[in-house]
Amino acid sequence: MRATEIKPNVYWVGAIDWSIRDFHGYSTPEGSTYNAYLIVDEKIALFDTVKRPFKADLIKHISQVTDPARIDYIVVNHVELDHSGALPEMVELVKPKKIICSANGKKALLAHFHREDWPYEVVETGSTVSLGSKTVRFIETRMLHWPDSMMSYLEQDRLLISQDGFGQHWATSERFDDEVDRSELMYQSAKYYANILLPYSPLVQKLLADVRSSGIEIDMIAPDHGLIWRSDPGRIIDAWDRWSRQETVEKAIVVYDTMWQSTEMMARAVADGVQEGGVSVKVMNLGACHRSDVITDLLDARAVVLGSSTINNNMLPRMADLLCYMKGLRPAPKIAAAFGSYGWGGEAVKLINAAMEEMNFEIVDQGLRVNYVPTADDLAQCAELGRRIARAVRGEDGG
Ligand code: FEO
């Protein structure tokens, strides 16, 4: 890869991680990128670095534009190690006059690298730094998604360098939104939002309102992961608005794990009932679908139906994993129900219901349990549960 000029004298100088497949529990089958940006003006500023093993790529790309030793400022928009892992070595190499970060950014940098001697300059929302012909304005975005997070806005270029905001985990040789498949881009963006930003949706709403009221015009959004939004930045802003309002569509997901396919038979019968009720349905076997893909589909689903066999008086471990992960992401309440096959205890359905109640889901049925292998009558009841879910999704009755 080479450095790419994204605006006059503004360069992408990051790194492509073609191999990463797991990002602390989030599956990344298409890899990721760690974007860093270099602005060459009277002062030269580097915005974020990269994950430590990719330091050589960062230095190579900077060197295609200028001598790294000429960098005056390093701006740390976000301290998480995928963006600051290479920072200590870059500080050694560059000896920057300033390391610009938020107050929480300074705290987090000290807690990570224990370097009191670095030349920190703390900025807050509204602070500006002149690079010569270009002015950078900072916007703190606390808890989006770390306390230190902030964005940098280049006034003359109307360019928002948005750290994790508006990003996607997707490794490509292309740098811009108009160079890749749009559906895939929006899918990867939705997956990123659902798995990283979902718990902070009220703060996203506030950020979008603040940006709207500030009157700043955005011509391009350059995130720290994935593609740069140059053709239509409004598209991803609108999507974030929708996702952060947790808007749903007439869709249900039926997610299950199974021991001897009895719970799977139930899942398919429930899904048949949902479809008969005129609602879109997706069946997701946890043996085949990663938790982070389930969460992506949960984002706009109005209903979730969870199934697990009972094992050792509990649910199957992959269902417990999903519920633990889902609870942490604090989705808005969904229409919900549980089902599962059992041999003698049958606790899984009750435990799934309890977990869904903790998330304030609207449980429309106390759940279906089937002893060992479902009969035709049992499957008919599953289909009826599906139809009941569909009616609730369509708002036709209380389920
Ligand atoms: Fe891409 Fe929150 O780090």
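Note that ligands are numbered from 1 as they come in the structure, with each ligand's atoms numbered from 1 the same way. Quick note: numbers below take in every heavy atom, side chains included, and nothing from hydrogens, waters or symmetry partners.
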Item checked: Angle, OD2 of D164 through atom 2 (Fe) of ligand 1 to NE2 of H78 - 10° precision -> 90°
Notebook entry, point to check: Which angle, to 10 degrees, forms at atom 1 (Fe) of ligand 1 with NE2 of H83 on one side and NE2 of H225 on the other?
Noted result: 90°
Check: Are F113 and W118 close enough that their ring centres sit under 6.0 Å apart?
Finding: yes
Next item on the list: Measuring from atom 2 (Fe) of ligand 1, name the closest N, O or S atom belonging to E80.
Entry: OE1
Next item on the list: Examine R137 relative to Y153 and say whether NZ or CZ is less than 6.0 Å from the centre of the six-membered ring and inside a 45° cone about the ring axis.
Entry: no
Checklist line | Nearest to atom 1 (Fe) of ligand 1 - the N/O/S atom of D82, by atom name | finding: OD2
Notebook entry, point to check: So which of R21, Q168, E184 actually passes side-chain contact (heavy atoms from CB on, under 4.5 Å) with E30?
Noted result: E184
Margin query: Would K51 pass as a cation-pi partner of F23, given that its NZ or CZ must be under 6.0 Å from the six-membered ring centre and within 45 degrees of the axis?
Written below: yes
